[in-house]
Asker: 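Following this message is one structure expressed as structure tokens.
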Amino acid sequence: MIESNEITNIVLRKNRNIYLSILKAAKKYDCSKREEFLFDYSYNVDEIELFKEIHKLDALIGKNENETLKNATNWVSLILKSKKEPKGPIGNSVQIIQDIKSGKYAGNCYTYAVVLNDVLISLGFKSKYIFCFPIDFHFSDCHVVNVVFSKERNKWILLDAANNMIYTDEQGELLGLSELREYLINEIDVEIHLLDIYKDVTDMNKTLYKQKILAYMTKNTYRFGCFMNSQKDRQAVCKTTKFYNLVPVSYIDKPCEVAEYCFETKVKKIEYYSSNSQAFWKLPKYENKEDL
């Protein structure tokens, strides 16, 4: 008789193989065209300072960068934990946490990413949240994670507060989202580090969860999307926002732009589609000498 865990393993391997074949077919980007993605890392200072003061976020600063990033991810994962029905983020991070703690709703992955983004900003990092999409244009599920700029490594680092985990290579080096995609395509081993929420989970269930996440991320690293300004554009009113989409060359044959208008918020959202991975993943430019 086949045990339920073995059946789960078989299904996960089958699903991941299907997603992997789709992802491998979408391996190529085109960086030959000169394109400029103007990401903006400015933020609402009063909002972030209030958030930082209310929740005493300086306590998350660790002995080194790794520890601080782990502490920040853990803090968001634990403070937003809820058994209510998940919804997207409503209001700023202070309001989100108040509503979830009072039992109004639970946060989905987008909510976790918004709050972690504000935590990272308050700790002095440049951060943004990235929508991780499957191949489908009309989809029922995607994932949202954070990428934070590491000055020590001079690269983007992937943090996943909704799943309370970080990704590394076999040597323990933290991976970025673009690196994770490359590792998945090339079938290079990825280490998934489950953080504090999983302390009481059995080793067998931890293994199954890691396999599930690998299949899930194989599905949802087909294409990516990001606001020009992750902190401000989500709650924009009476303005124009930009949303950049990174897609493989097999998805579109040339860059294009699509605009839509929301009459309720009076916001014009411009979505730009490109297969220029260098432009999408470029490192933030610093204006102050102390940031270099």
Asker: Do Lys206 and Tyr198 form a cation-pi contact, if we require the NZ or CZ to be under 6.0 Å from the six-membered ring centre and within 45 degrees of the ring's axis?
Answerer: no
Asker: Test side-chain hydrogen bond (donor to acceptor under 3.5 Å, both in side chains) on Asn108 and Thr111; report intermediate values, then the result.
Answerer: CA-CA 5 Å; Asn108 61 13; Thr111 308; 3.0 Å; yes
Asker: Which label fits Tyr216 and His143: parallel for a plane angle under 30°, tilted from 30 to 60°, or perpendicular past 60°?
Answerer: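 It falls in the perpendicular class, over 60°.
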Asker: Does the pair Asp141/Lys219 count as a salt bridge with the N-to-O cut at 4.0 Å?
Answerer: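 Salt bridge between Asp141 and Lys219, a charged N being under 4.0 Å from a carboxylate O: yes.
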Asker: Would a hydrophobic clustering, with Ile, Leu, Val, Met, Phe, Trp and Tyr connected at side-chain separations under 4.5 Å, put Val190 with Ile166?
Answerer: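 No; Ile166 is not reachable from Val190 via cluster members.
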Asker: Applying the ring pair (Phe, Tyr, Trp, His ring centres under 6.0 Å) test to Phe39, which of Phe243, Phe149, Trp156, Tyr244 qualifies?
Answerer: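 Filter result, single survivor: Tyr244.
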Asker: So, does Asp99 use its side chain to make a donor-acceptor pair with the main chain of Lys104 at under 3.5 Å?
Answerer: no
Asker: Can Asn163 and Tyr209 be counted as having a side-chain donor-acceptor contact under 3.5 angstrom?
Answerer: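 Yes, side-chain donor-acceptor contact under 3.5 Å.
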Asker: Walk me through whether Asn164 and Ser77 qualify under side-chain hydrogen bond (donor to acceptor under 3.5 Å, both in side chains).
Answerer: CA-CA 6 Å; Asn164 194 222; Ser77 300; 3.0 Å; yes
Asker: Is the distance between the ring centroids of Tyr261 and Phe263 under 6.0 Å?
Answerer: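 For Tyr261 and Phe263, the ring centres are under 6.0 Å apart.
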Asker: More than 12 foreign heavy atoms under 6.0 Å from NZ of Lys87: is that the case here?
Answerer: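 Open.
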Asker: Could you label the plane-to-plane angle of the Phe280 and Phe224 rings as parallel, tilted or perpendicular, counting under 30° as parallel and over 60° as perpendicular?
Answerer: parallel
Asker: Looking at Glu47 and Lys232, is any side-chain nitrogen of the basic one under 4.0 Å from a carboxylate oxygen of the acidic one?
Answerer: no
Asker: Could you go through Asn186 and Glu182, starting from their C-alpha distance and side-chain angles, then the distance that decides it, and tell me whether this counts as side-chain hydrogen bond (donor to acceptor under 3.5 Å, both in side chains)?
Answerer: CA-CA 6 Å; Asn186 296 307; Glu182 291 177 7; 5.6 Å; no
Asker: Check the angle between the aromatic planes of Tyr129 and Phe131 and answer parallel, tilted or perpendicular using the 30° and 60° thresholds.
Answerer: perpendicular
Asker: Parallel, tilted or perpendicular for Phe139 and Phe133, by the 30°/60° rule?
Answerer: tilted
Asker: When you measure from the side chain of Asn117 to the backbone of Ala113, do you find a donor-acceptor pair of N or O atoms at a distance under 3.5 Å?
Answerer: no
Asker: When rounded to the nearest 0.5 angstrom, what is the spacing between CZ in Phe37 and OG in Ser274?
Answerer: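 The distance works out to 4.0 Å.
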Asker: Should we count NZ of Lys239 as having more than 12 external heavy atoms under 6.0 Å?
Answerer: yes
Asker: State whether Glu36 and Lys282 are salt-bridged, where the test is any N-O pair (Lys NZ or Arg NE/NH1/NH2 against Asp/Glu carboxylate O) under 4.0 Å.
Answerer: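 So Glu36 pairs with Lys282 through a salt bridge.
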Asker: How far apart are the C-alpha atoms of Glu271 and Asn245, what are their side-chain angles, what is the distance that settles it, and do they pass the side-chain hydrogen bond (donor to acceptor under 3.5 Å, both in side chains) test?
Answerer: CA-CA 7 Å; Glu271 291 207 48; Asn245 291 276; 2.9 Å; yes
Asker: Gln231 side chain to Asn44 main-chain N or O, any donor-acceptor pair under 3.5 Å?
Answerer: yes
Asker: Are the side chain of Ser275 and the backbone of Pro248 linked by a donor-acceptor contact shorter than 3.5 Å?
Answerer: no
